[in-house]
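What follows is one structure encoded as structure tokens, with my remarks underneath.
Since the structure is predicted, the reported quantities are computational estimates derived from the model, not experimental observations. Note on naming: letters A, B, ... go to the chains in the order of the sequence lines (proteins, then strands), and numbering restarts at 1 for each one.
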Number of protein chains: 2
Amino acid sequence: MGREMGKGQPRRGRRRGSGPTVSDVARAAGVSQMTVSRVINREANVREETRAKVEEAIAALGYVPDPAARSLAGGGQCRIALLYSNPSAAYLSEFLAGSIAGAAASGAQLGIEHWDGAEGVEALARRLAAHRTDAVLLPPPLCESAALLDALTGTDMPVAQVATGEPSPVAHAVSIDDRAAAEAMTAHLIVLGHRRIGFIAGEPNLTASGLRRAGYEQALASAGITAAPALIRGGNFTYRSGLAAGEALLSLSSPPTAIFASNDDMAAAVVSVAHRRHLEVPGDLSVCGFDDTAMAITVWPELTTIRQPVAEMASAATELLVKAVRARRAGEELAPQHLQLPFAVISRDSVAPPRRSD
Amino acid sequence: MGREMGKGQPRRGRRRGSGPTVSDVARAAGVSQMTVSRVINREANVREETRAKVEEAIAALGYVPDPAARSLAGGGQCRIALLYSNPSAAYLSEFLAGSIAGAAASGAQLGIEHWDGAEGVEALARRLAAHRTDAVLLPPPLCESAALLDALTGTDMPVAQVATGEPSPVAHAVSIDDRAAAEAMTAHLIVLGHRRIGFIAGEPNLTASGLRRAGYEQALASAGITAAPALIRGGNFTYRSGLAAGEALLSLSSPPTAIFASNDDMAAAVVSVAHRRHLEVPGDLSVCGFDDTAMAITVWPELTTIRQPVAEMASAATELLVKAVRARRAGEELAPQHLQLPFAVISRDSVAPPRRSD
DNA sequence: CGCTGTTCTGTTAGCGCTATCCTTCGCCGT
DNA sequence: ACGGCGAAGGATAGCGCTAACAGAACAGCG
């Protein structure tokens, strides 16, 4: 039977005008499709030289892998649910962007699920099952809920906690070294000449809070400064709690020359309190925060703070989950990974040397 | 009976344990895969009897079509890009959540693209093309960039603007009635007894700013109050501009009893200024914002503000784009739609009747 | 009965990618 | 030399689905 009878021209196929495909890249790089695939997936056993050639071709053609095709051919459909509760919204947006990128990169579907705890844990599990969820991504503060974690790890869905201080041994986790970060920030203040450094602790139920406080204390100890208990105040990560703690610290007979708040919201509140008392920031009082959320650059002066690579963390956690799901489907089990990403001290305008180093 | 005769014994396929496929259903129903596909897609030209048989088989096997395969095979692939610039991040998180939901609902892929304007418009267009973007979603403030809009609508990608005051005639748009919202908020203050109501305008380049101001003026006019020009101050949606405008308004010889800021950031700044001057909010000064971003409930007291259903708006815009892309592929053209979603006045603790209605 | 339409249903060939072989090649030890 | 081994990369066959076309079944009409 003459397949190409009517037209001498081979049938155009039903290519979407879309874009370059693996075979285009392969042709351009002078390798096989499979090698391109290997480069994309960062598999081993590809010579550096070959990899470079392929990457060049990818860049030149502006190639982007088709997620649909990937999940069809590869490990198969993978739906991961991002479970969130109380959105510290600035955080969530970066987190979402990261998850989306991670999901896109591994060809997974991302679903957003809200859970406020009112609905029981089992009801949640049922909901996830109905949505054919393969894995669950937990940003703070949900990643700290022991009940939730238990229920989730009880199912056969891999779970990833992001930014928890104390990862569960049965879950994947991505975080920064909160303790080292707090220590670095405190040390920074000490180097500038501050000696009376106030600290506003975070929500006591979150494990990261303890680590941040430990880092602060460690830095003081390393510098030979005795930590005055009066300089440490409790907070719960809200602006309002920062207001109260700030008032308390600045009402001391010998107030601190710098205040390190465990997050940006509380630091912003401290700035507000300082202004109310007609103290200049950073002239009369240095203030620093933690997280580098939108709040940090919203207030004036902009806050010196610790940047967590939230997007990267979310992206890494997402990819981890996809890998876990695929491994599980292949019959293996991916041992819980606990990644730690680097943080950075971001210097802005809310910190300066103390006016008189007494 | 033998397996498929034509081909040799298939080599141990790499079936995922997943679920039943079209061919399972087809075999169970005694029809071809194609017929099953037709039933799934509710195509015409399938006998009622056949359809019933297939549907029965689907139900019996618990078959669910694989979206990845569908979009690979069908033209279904649709990649929509969410283009964002400015870290108006609190807004973005809700926006993202909405877009994701919208994309999932219509089976589209969502990509996040950052653009700060440094890279030229054509470079951006090239990047989008390289990422096989089919349509572009523009949250504020990018949706106001005429240059960008021109460049984008010049391509054959559908574009949707979200929350713009003045939709382009060639783009889709989803917004709220900013003017009516500002009018409602102002009227609310008037009903409480305020007569000297300060207004902080938004970034003059954004069309929504003008509408909000017009709404404010309209409400005053309707109540027979003459708008004192001194009570209107310019701002640009930043906290810092709110600080300056707040200072100016409260320094007037006859200061306002209420200040309506065009967004929450500026309203938060006004609260801060008021506190610095030892004015109680809302006792001595009522303050209200606009947008209901995270900032509104971060500061204390929490802000009375206008809620825009950002997530719904993003979701609606996303679905609109998908529809437009599919229509275009089918050869038709979806005329630009301009949707307007309802807003709501959210009463919190930053507004009260004036102490003495003078 | 042929001849045209009109439904319906089946067949074939991919969509873009990766799993699973398989070949090739260089490097070691004896 | 030789066999053996592991790394690098190629060839091929699908993943589950649908577009496009090719029949088959059935109607009406001369």
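For A:Ala324, the side-chain contact (heavy atoms from CB on, under 4.5 Å) partners two or more places apart in sequence, or in a different chain, are A:Pro158, A:His172, A:Leu334. The side-chain hydrogen bond (donor to acceptor under 3.5 Å, both in side chains) test applied to A:Thr155 returns no partner, not counting sequence neighbours. Contacts of A:Glu312 classified as salt bridge (charged side-chain N to carboxylate O under 4.0 Å, His left out), with partners at least two apart in sequence or in another chain: A:Arg307.
For residues 37-53 of chain A, proximity to DNA chain D is found at A:Arg38, A:Asn45, A:Val46, A:Arg47, A:Thr50, defined as any non-hydrogen atom under 4.0 angstrom from a strand atom.
If you check C:dT11, D:dG10, C:dC15 against the side chain of B:Leu72, the one that comes closest is C:dC15. For B:Ala73, whose side chain is taken as the heavy atoms from C-beta onward, the closest listed nucleotide among C:dC17, C:dG10, C:dG14 is C:dG14.
Checking the phosphate oxygens (OP1, OP2) of D:dG9, no side-chain nitrogen or oxygen of A:Thr35 falls inside 4.0 Å. Distances shown here put every side-chain N or O of B:Arg70 at or beyond 4.0 Å from the OP1 or OP2 atom of D:dC17. The side chain of B:Ser71 places no N or O atom within less than 4.0 Å of a non-bridging phosphate oxygen (OP1 or OP2) of D:dC17. Phosphate contact (OP1/OP2 of D:dG16, side-chain N/O of B:Thr21, threshold under 4.0 Å): absent.
Residues B:Val39 and B:Val31 have side chains not in contact (no heavy-atom distance under 4.5 Å, counting atoms from C-beta outward).
Note that CZ of A:Phe95 is 8.0 Å distant from CE of A:Met313, once rounded to the nearest 0.5 Å. Put simply, CG on A:Asp134 and CZ on A:Arg79 are 7.5 Å apart, with the number rounded to the nearest 0.5 Å.
Atom CE of B:Met34 is separated from atom P of C:dT9 by 12 Å (rounded to the nearest Å). Between the CD atom of B:Gln33 and the P atom of D:dG14 there is a distance of 14 Å, rounded to whole Å. Spacing between atom CD1 of A:Ile58 and atom P of C:dC17 amounts to 10 Å, rounded to whole angstrom units.
Relative to the axis of its first five pairs, the axis of the last five pairs of the helix from C:dC1-D:dG30 to C:dT30-D:dA1 sits at 40°, rounded to 10 degrees.
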Validation: residues 46-61 of chain A side-chain donor-acceptor distances under 3.5 Å, sequence neighbours left out:
unit_1  : atom_1 : unit_2  : atom_2 : d
A:Arg51 : NH2    : A:Glu43 : O      : 3.3

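Nucleic acid contact for B:Val36: none, since no nucleic acid atom lies under 4.0 Å from a heavy atom of the residue.
With 3.5 Å as the limit, one finds no donor-acceptor pair spanning the side chains of B:Ser315 and B:Thr318.
Side-chain N or O atoms of B:Asp150 include none that pairs as donor or acceptor with a backbone N or O of B:Ala147 at under 3.5 Å.
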